[in-house]
There are 2 protein chains.
Amino acid sequence: MLPEKKISTAVIKRLPRYYRYLGDLLENDVVRISSKELSERMKVTASQIRQDLNNFGGFGQQGYGYNVEYLYKEIGKILGLENKYNIIIVGAGNLGQALANYTDFEKRGFIVKGLFDVNPRLIGVVVRGIEIKDVDEIDAFVKENDIHMAALTLPKQKAPKVANDLVKAGVKGIWNFAPIDLNLPKGVVVENVHLLDSLMTLSYTISQEEKDQ
Amino acid sequence: MLPEKKISTAVIKRLPRYYRYLGDLLENDVVRISSKELSERMKVTASQIRQDLNNFGGFGQQGYGYNVEYLYKEIGKILGLENKYNIIIVGAGNLGQALANYTDFEKRGFIVKGLFDVNPRLIGVVVRGIEIKDVDEIDAFVKENDIHMAALTLPKQKAPKVANDLVKAGVKGIWNFAPIDLNLPKGVVVENVHLLDSLMTLSYTISQEEKDQ
DNA sequence: TAGATTGTTAATCGATTAACAATC
DNA sequence: TAGATTGTTAATCGATTAACAATC
């Protein structure tokens, strides 16, 4: 394998946003777009768009711009969306159930295969056709069902142990909603969604705006 | 008001994480900590910690380090957590209800005062003691109940109009879960939580790891 | 006082923006 | 061909890290 140059996370985090805008353009039957026009819609510089895209290849054409459908598909490929991902959700409380019910994920190839919890009251409950199972069954389930990723939607006390179990079972990525940093072996990917952090950031910025009055 | 130097968002986004680590230290009765030790726990450089904190003031003491409780409280103040924030949730589907049930928010002073939806089936349903109301009632409710922030947990089609209504009613910040960028007047703060974007980032990184094998 | 560790300046690194030659 | 717009190099800007004098 060629030692490709490492793409910065700043760039990667922008890709889904490009994907979203291109998807909208596609829905509106826009066939082509220049970096300049896209930059105006997205409120970023055209230079940044071109730089970002050229990390992955030359998707445009001089004098023409970018073909919307082609670029949309190419970014989808870069993001790995041509694959299907089997996921399980560990922690079937309100948030876990909300994720299980979120249909947009399936549209992009993220298929919820299982739901797990420790709470005996929840075990056996059916959510969107999926029966909530005991976390003790995770290991077998992951191995039998080719599970790639797990969403962790449980209290922080339980998160580290469950995360380790998931990794041992063979999960490659963890979508972590627990308010704690997971330390996992190299090669296992963690993507954090810290809702309270996000809310505090909002609180900070509102406080600042008020001072500026 | 003094024209304080603008703090970069990179710094601000790190504050909640400091706050989390300091809270844990406090729970474990750790009285003082040096930037070096904290840096080892958090896996960042000690230099970055000191630089970040010194944006807001000198909270440490040479030869000693930082008093954990003091620093924890100071970061809390910076984040605006000494205030109470009344919030409403617009969109009482699975995600909205999950947020309404999340008790950690209240612990930090974010009080859910109202729940709203367009779906007649949901209106009147009671979640955690709060009756779901029609979105038509938002304007009056925001004005009467001193609502500072609104979580937007509804489909993207409905988000822009509701966001505008919220701003007109006087909301200062929007916690946006809809997969769309809101264009709101200056002074109104938007904090985005794009779950699908986050999931795609995870998908990208997993794909990369697989290539590296 | 001596040792430890901050606060802060200076150096480095990386990301963003500008500029323009290449080319459709 | 002329005009438009990319791909890419160079310049700028900002964020991170290193270093160290100040000081507890």
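All chains are named by letter (A, B, ...) in the order of the sequence lines, taking the proteins before the strands, and each is independently numbered beginning at 1.
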Output field dot_bracket for DNA chain D (Watson-Crick or G-U, both distances under 3.5 Å, | for other-strand pairs) contains ..||||||||||||||||||||||

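- In this model, a donor atom of one side chain and an acceptor atom of the other lie less than 3.5 Å apart for A/Ser198 and B/Glu191.
- When all heavy atoms are compared, the tightest approach of B/Gly80 to A/Ser207 is CA-OG, 3.6 Å.
- For residues 59-103 of chain A, every residue pair satisfying the ring-ring contact (aromatic ring centres under 6.0 Å, His included) rule, not counting sequence neighbours, is listed here: A/Tyr19-A/Tyr72, A/Tyr85-A/Phe110, A/Tyr85-A/His148, A/Tyr102-A/Phe105.
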Go through B/Asp165 and B/Lys161 one step at a time and tell me if the salt bridge (charged side-chain N to carboxylate O under 4.0 Å, His left out) criterion holds. CA-CA 6 Å; B/Asp165 291 348; B/Lys161 185 199 175 306; 2.6 Å; yes

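- The footprint of chain B on DNA chain D, defined by a heavy-atom cutoff below 4.0 Å, extends from D/dA15 to D/dC24.
- Across all their heavy atoms, B/Leu184 and B/Val188 have their closest contact at CD1-CG1, 4.0 Å.
- Looking at every heavy atom in both residues, A/Ile130 comes nearest to A/Val112 through CD1-O, 3.4 Å.
- Note on A/Lys113 versus A/Glu144: no salt bridge recorded, every NZ/NE/NH1/NH2 to OD/OE distance being 4.0 Å or above.
- Of the residues in residues 52-65 of chain A, those placing a heavy atom less than 4.0 Å from an atom of DNA chain C are A/Gln61, A/Gln62, A/Gly63, in numerical order.
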- Message: Apply salt bridge (charged side-chain N to carboxylate O under 4.0 Å, His left out) to residues A/Arg17 and B/Asp181 and explain how you reach the verdict.
- Response: CA-CA 9 Å; A/Arg17 188 158 178 261; B/Asp181 295 327; 2.8 Å; yes

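- The stretch residues 10-25 of chain B does not touch DNA chain C, since none of its heavy atoms comes less than 4.0 Å from the strand.
- The residue among B/Arg50 and A/Ser47 whose nearest nucleotide of DNA chain C lies closer to the 5′ end is B/Arg50.
- In terms of position on DNA chain C, the residue among A/Ser8 and B/Tyr66 whose nearest nucleotide sits closer to the 5' end is B/Tyr66.
- A/Lys43 meets the salt bridge (charged side-chain N to carboxylate O under 4.0 Å, His left out) test with no other residue; sequence neighbours excluded.
- Across A/Val30 and A/Arg32, no two heavy atoms sit closer than the pair CG1-O, 3.4 Å.
- A salt bridge links B/Arg128 and B/Glu106; the closest N-O separation between the charged side-chain nitrogens and carboxylate oxygens is under 4.0 Å.
- A salt bridge is defined here as a Lys NZ or Arg NE, NH1 or NH2 lying under 4.0 Å from an Asp or Glu carboxylate O, and A/Lys143 with A/Asp139 meets this definition.
- When all heavy atoms of B/Ala92 and B/Ile132 are compared, the pair lying nearest together is CB-CD1, 3.6 Å.
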